[in-house]
Undergrad: 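This is the structure I want to talk about, given as structure tokens.
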Amino acid sequence: MYKKYGSAHTLDGFPAALLRAMRALDSNRHRIAKASGTTWSELRAIARVAESGSITPKDLAISLEMTTGAVTAISSRLVESGLLRRTDHPHDHRSLLLELTPRGDSLMKAVYVELEASIATSTAGIDAAELRACSEVLLAVSEQLDLDATASVAVVTEASHPGL
């Protein structure tokens with residue numbers, strides 16, 4: 001799977017295919033972000049808000065693996081541009097929630113419709129059963145990668161801070 005030729009590091013098989021798909025999705029998101037007048041980080045933030053319906057800035061920072069300061073800057077730009085709004089948190093008067101505005105909702109709809117169309121075009125020759133099997137594999141791999149990431153954080157934390 002992993003190979004090194006001189007100074008080049010390469011993958012093959014499923015890991016290479018997965019990495020290539022991730023890069024293609026990233027390129028697509030960069031293109032969509034540019035077309036929508038946002039940055040890639042802003043589009044990621046909008047997508048996370050859209051997925052949750054509403055989210056605290058702290059939870060958004062955790063989800064995006066960013067500092068709260070970075071999320072504050074991003075969310076402020078998105079509020080100013082009319083894509084997000086801040087609302088009072090119903091259970092914590094010290095906190096607030098970020099939500100999509102109608103304009104942000106329209107942007108997410110356009111992003112998802114375009115992504116679905118791109119994927120439909122690129123998978124046109126694959127039958128429904130193969131697509132279901134591919135979906136199951138990708139979901140299983142994603143779940144395991146999430147578990148591995150959580151375990152890695154715990155191992156690093158324990159090694160860096162014994163007794164935690």
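Values below: every heavy atom of this structure, side chains too, minus hydrogens, waters and symmetry copies. Remember, it's a predicted structure, so these values are computed and weren't measured experimentally.
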Undergrad: Applying side-chain contact (heavy atoms from CB on, under 4.5 Å), run through Asn28 and Leu115 and close with a yes or a no.
TA: CA-CA 8 Å; Asn28 191 42; Leu115 181 60; 3.5 Å; yes
Undergrad: Could you give the distance from CZ (Arg31) to CG (Asp26), rounded to the nearest 0.5 Å?
TA: 13.0 Å
Undergrad: Between Arg48 and Ser63, does any side-chain donor sit less than 3.5 Å from a side-chain acceptor?
TA: yes
Undergrad: Between Thr123 (side chain) and Ile126 (backbone), is there a donor-acceptor pair under 3.5 Å?
TA: no
Undergrad: Might you point out which heavy atoms bring Leu100 and Val49 nearest each other, and give the distance in Å?
TA: N-CG1, 3.8 Å
Undergrad: Begin from the C-alpha positions of Leu96 and His89 and carry the test side-chain contact (heavy atoms from CB on, under 4.5 Å) through to its verdict.
TA: CA-CA 5 Å; Leu96 57 92; His89 194 291; 5.5 Å; no
Undergrad: Could you tell me whether the side chain of Glu42 and the main chain of Thr39 form a donor-acceptor pair under 3.5 Å?
TA: yes
Undergrad: Can you name the residues that form a side-chain hydrogen bond (donor to acceptor under 3.5 Å, both in side chains) with Lys4, not counting sequence neighbours?
TA: none
Undergrad: Using a 3.5 Å distance criterion without hydrogens, assess whether the side chain of Thr68 forms a donor-acceptor pair with backbone atoms of Lys58.
TA: no
Undergrad: Is a side-chain donor-acceptor pair under 3.5 Å present for Ser36 with Thr38?
TA: yes
Undergrad: Taking Val141's backbone N and O only, do any of them form a donor-acceptor pair with Gln144's side chain (distance below 3.5 Å, no angle check)?
TA: no
Undergrad: When rounded to the nearest 0.5 angstrom, what distance separates OG in Ser54 from CZ in Arg86?
TA: 14.5 Å
Undergrad: Give the minimum heavy-atom separation between Leu78 and Ala45, together with the two atoms involved.
TA: CD1-CB, 4.1 Å
Undergrad: Check Met108 against Ala50 and note the closest heavy-atom contact, atom names and distance.
TA: CG-CB, 3.6 Å
Undergrad: Roughly how far, to the nearest 0.5 Å, is the CG atom of Leu43 from the NZ atom of Lys34?
TA: 14.5 Å
Undergrad: Taking the basic N atoms (NZ, or NE/NH1/NH2) and the acidic carboxylate oxygens, is any pair closer than 4.0 Å for Glu65 and Arg44?
TA: no
Undergrad: Quick one: closest heavy-atom pair of Asp88 and Leu97, and the distance?
TA: O-CD1, 4.3 Å
Undergrad: Is it true that Leu18 and Val137 fall in one hydrophobic cluster, defined by side-chain heavy atoms closer than 4.5 Å?
TA: yes
Undergrad: Taking the side chain as every heavy atom from C-beta outward, state whether Glu80 and Ser75 have any pair of such atoms under 4.5 Å apart.
TA: no
Undergrad: What heavy-atom pair brings Arg29 and Ala47 nearest, and what distance separates the two atoms?
TA: NH2-CB, 4.3 Å
Undergrad: Which atom names give the shortest non-hydrogen contact between Ala61 and Val71, and what distance separates them?
TA: CA-CG2, 3.4 Å
Undergrad: Could you tell me the separation between the CD atom of Glu130 and the CZ atom of Arg132, rounded to the nearest 0.5 Å?
TA: 10.5 Å
Undergrad: Would the number of heavy atoms belonging to other residues, nucleotides or ligands and lying under 6.0 Å from NE2 of His93 be above 12?
TA: no
Undergrad: To the nearest 0.5 Å, tell me how far His30 NE2 sits from Leu25 CG.
TA: 11.0 Å
Undergrad: Quick one: pull up CZ in Phe14 and CG in Leu138 and give me the separation to the nearest 0.5 Å.
TA: 5.5 Å
Undergrad: When you group the ILVMFWY residues by side-chain heavy-atom contacts below 4.5 Å and let the links chain together, are Leu145 and Met22 in the same group?
TA: yes
Undergrad: Less than 4.5 Å apart, any side-chain heavy atom of Leu84 and any of Glu99?
TA: no
Undergrad: Of Ile74, Leu64, Ile46, which meets side chain to side chain contact (heavy atoms under 4.5 Å, CB included) against Ser41?
TA: Ile74
Undergrad: Would you sort out whether Tyr2 and Asp12 count as a side-chain contact (heavy atoms from CB on, under 4.5 Å), showing the intermediate values?
TA: CA-CA 7 Å; Tyr2 166 76; Asp12 62 7; over 6 Å; no
Undergrad: For Thr72 and Arg77, test the side chains for any donor-to-acceptor distance below 3.5 angstrom and give the result as yes or no.
TA: no
Undergrad: Are more than 12 heavy atoms from other residues, nucleotides or ligands located less than 6.0 Å from atom CZ of Arg20?
TA: no
